[in-house]
Every structure is written in C-alpha cells, then in structure tokens.
Amino acid sequence: MNIAMINGSPKPVNSNSGILLKMLEPLIRTGNELTYYNPNKRPLTPAQYSELCRMDVLVIAFPLYVDAIPSHLFRLLATLEEYLKSEQEQEQEEQDIYVYAMINNGFYEGSQNHIALDILKHWCTRTGVHFGQALGQGAGEMLGSLEKVPPGKGPLKNLGKAMHSMAANIQSRSADDSMLFSPNFPRFAWKFAATHSFWNATAKKNGLKRKDILRRL
Amino acid sequence: MRMIVHDLQEQEFAGWAEGGQGELTVISDNGTIRQCMGCFGCWTRTPGACVIRDGYNNLGELFSKSDELIIISKCMYGSYSPFVLNVLNRSISYVLPYFVTKNGETHHRNRYDHQFELSVHFYGDDITEAEKDTARSLVAANSLNLYSAGNHVYFHDSLHSIKEAIQ
C-alpha cells in the first residue's frame, strides 16, 4: 500500500505530530511504502497533491488549534478536495482512500479533540473518501519529554494501545471507532509541570518573569 | 468597540460597515497574513502579542478592547474558512498559557478581565445539518475558551442576508 504520512503541525521542527507519526511508522512500515509530507514548511506542490490522490491511505497528524484544525492544514484539505474531485471526474469513480488521524491537544483531556474529529469526518464525506479512525491524545505537549518512554508504557499506556489498534486498522484498511483519551498521568501533576517546567521555564530562558507573562496590553 | 473578522472579498464587503455607531475594527484578508508557527512566542517571548510582524500580530489585544466580536465565514465541513481559522490561530495571546479547570475540563486562564459577545455568521448554499451541528459546537467551544459573554450562531445562504443581520 501507498501511505501518506502528513505532518499537520505548524511547527517547523520538533513537533508532537512528528513524534506521533514516528511512533506509528514501525507498526505499519512492513509491506507498505510510506511518504512523508510537511506542509508547514511550504505549501504542497501540484505534483504532491496529485500523489495524494493516488494514495491508498492518508495518515494525518495534527495539533488541535482553537478547537479545530490548524489553518494551513485546513487550507491543504480544502485544496485536496478540489484535486480529488477533479480526479474523480476524470476517472468517473471515487478514490478508494482511507483517512486516519492522530490529533493531539494542549489541554489534558483528549476528549476535547471531538470537534476537529467531526470536521475531518465531514471533509471525508464531502470529498468522497473513507474515514477510517482517529486517535486523540490529551496533554500533547508532554510527548516531547517522553520520547524515551515506549508507547504502551507509563504515561503513554493509552496511546500505545490506541496506536496498535489504529495500525491494525490501517493495515486492513478498515474503519473503527475513534479513541480520544488523556495521558496515564495525574492531571494535577501535569498542570504543575506545565506551569513550572514548561511555561515559566521557557519564559525565563527568554529573560521574562511570571509577571511579564501576565501582562496586559 | 465592535470588531468584525470576515473572509469576504473587498468588493463584497464594501459599504457594509458604513453608518454604524461607535468604533469599528475590521479584520479582512489582504493577502499578507502568515500562519501561526506554534512557537508560543505570544505567551513566552512577547506576552500578549504575536511575534510575526505582518499586521495581524495584535489580534489578542484587539479582542480585549472589543465589546462584540462578529465573525463572518464560509462554513466549510462545519468549520470556519482557512482565513478565519488563521486569524483565530493568531489570536491566542488573548488568553494566558496557564491552565484552569472549568466543569471538569482544562482551559487556558484569561489574561484580561474582559468579555465580548461572540456572533458568528456562517454562509454557504449547501451546509448540511451535521455540519451545522459541528459549527455550533465549535463556536460554543471557542466561546468558552475566549471567555465570551455569550455566543450566537447564524447560517445564511446569501451575503445579502448577512449584511441585513449585522447592520
């Protein structure tokens, strides 16, 4: 099978979506040809859009942005709809493409990804492709600090289980219920770490104090 | 101040904002907006303002000065259009990076002691009921995360209908 691995993060480097794609890769690599796309650096070319129309599977990884899909990825999807419909007119039939998504959100609860998931499902319906399955990981910003933790262990227990399920569905190109979940890590500890080890620590590196973060313009 | 964010062509929107009372700020697509880079600079480098200096870097501050935020957007798959999404992606400095728990869910803390009314006018001639449901959920979620005083969602099948509604 030809599988497109689309990194929908706006971050140029070190994205959590990239981490999720790399976690998934070994589970679906055998017997398949994987092609990576990074539309965050520059828009896809017409040739790349045409390639996507001929894929068997699209795996789209992206962060939740303002309860929805990041604007640059959304623009890609709107353009891809036009390419897919153009190809359908030429071929006189719908493409047999399955779409899978891996969403991560900054809030603790993965359940907050449900609106972006519904938007993606509507895109599939409009575009005439099959929606396969999605997983939604809460506290996605933790992923960068957990790269040495194997999926399925510790805070990534839910993620590993969901990813194995999705990999099996990708291999058989089948649809299944989506899975939205929080990390296997207490919310109070996540909140404490996010505040002190991430936001305050990052601001400090930039020469700012907590009162600077709170400023009003 | 009223603030309108829209994705209409310049000639489509021309004249709409005339005759209203009070200050009005209009955010439209002049072709120069850049996408959010996910750098969190608006929270940890230049708090309250986006680091991308393209003329769309003060959206959070503008929100804080608005009594009413009116969004006019094509409804696409139950979502806003790419431009309106881009504007919202670039406006997260309106809230703080810190988290609070409300009704058992995590959200960002508010930066300003301020609330605006959020009104969203979606347009499109073939919006499905399922897409309308999703769009309503999206606006409600945005309203919660932006601490808006309330939210109103309207669907239109013509631009004339939107013009009548906002004037």
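Naming convention: chains lettered A, B, ... in sequence-line order (proteins, then strands); numbering from 1 in each chain.
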Is the [atom1] atom of [X] crowded by more than 12 outside heavy atoms at less than 6.0 Å?
{"X": "A/Lys157", "atom1": "NZ", "result": "no"}
{"X": "B/Asn30", "atom1": "CG", "result": "yes"}
{"X": "B/Lys74", "atom1": "NZ", "result": "no"}
{"X": "A/Lys153", "atom1": "NZ", "result": "no"}
{"X": "A/Lys161", "atom1": "NZ", "result": "no"}
{"X": "B/Glu10", "atom1": "CD", "result": "no"}
{"X": "A/Arg54", "atom1": "CZ", "result": "yes"}

Among [options], who wins on heavy-atom pairs under 4.5 Å with chain A?
{"options": "B/Ala141, B/Ala135, B/Gly78", "result": "B/Ala141"}
{"options": "B/Ser81, B/Gly104, B/Gly41", "result": "B/Gly104"}
{"options": "B/Ala130, B/Ser64, B/Gly60", "result": "B/Ala130"}

*asked:* Quick one: does any side-chain atom of B/Asn142 pair with a main-chain N or O of A/Asp67 as donor and acceptor, under 3.5 Å?
replied: no
_Quick one: does any side-chain atom of B/Glu105 pair with a main-chain N or O of A/Phe107 as donor and acceptor, under 3.5 Å?_
no
*Measure the shortest side-chain to side-chain distance between B/Phe99 and A/Trp190 over non-hydrogen atoms and say whether it is less than 4.5 angstrom.*
yes
*B/Met76 versus A/Leu77: any side-chain heavy-atom pair under 4.5 Å?*
no
*Anything in residues 116-128 of chain B with a heavy-atom distance to chain A below 4.5 Å? Please list those residues in order.*
B/Asp126, B/Ile127, B/Thr128
*asked:* Taking 4.5 Å as the heavy-atom cut-off, does anything in residues 87-96 of chain B contact chain A, and if so which residues?
replied: B/Leu88, B/Asn89, B/Ile92, B/Leu96
Side chain, backbone, both or neither: which part of [X] has a non-hydrogen atom closer than 4.5 Å to chain A?
{"X": "B/Cys39", "answer": "neither"}
{"X": "B/Glu61", "answer": "side chain"}
{"X": "B/Val139", "answer": "neither"}
{"X": "B/Ala49", "answer": "both"}
{"X": "B/Tyr80", "answer": "backbone"}

Nearest-0.5 Å distance, [atom1] of residue [X] to [atom2] of residue [Y]:
{"X": "A/His72", "Y": "B/Arg34", "atom1": "NE2", "atom2": "CZ", "result": "14.0 Å"}
{"X": "A/Phe74", "Y": "B/Leu85", "atom1": "CZ", "atom2": "CG", "result": "5.5 Å"}
{"X": "B/Asn145", "Y": "A/Gln112", "atom1": "CG", "atom2": "CD", "result": "6.5 Å"}
{"X": "B/Tyr98", "Y": "A/Lys191", "atom1": "OH", "atom2": "NZ", "result": "13.0 Å"}

_Residues of residues 192-217 of chain A contacting chain B, heavy-atom criterion under 4.5 Å, by residue number_ = A/Ala194, A/Thr195, A/Phe198, A/Trp199, A/Asn200, A/Thr202, A/Ala203, A/Asn206, A/Leu208, A/Arg210, A/Asp212, A/Ile213, A/Leu214, A/Arg215, A/Arg216, A/Leu217
*Residues of residues 116-144 of chain A near chain B, each having a heavy atom less than 4.5 Å away*: A/Asp118, A/Ile119, A/His122, A/Trp123, A/Arg126, A/Glu141
*For residues B/Cys36 and A/Tyr65, report the shortest heavy-atom separation together with the two atoms involved.*
SG-CE2, 3.5 Å
*Provide the closest heavy-atom pair for A/Ser71 versus B/Pro82 in the form atom of the first, atom of the second, distance.*
CB-O, 3.6 Å
*Among A/Leu73, A/Val66, A/Ile69, who wins on heavy-atom pairs under 4.5 Å with chain B?*
A/Val66
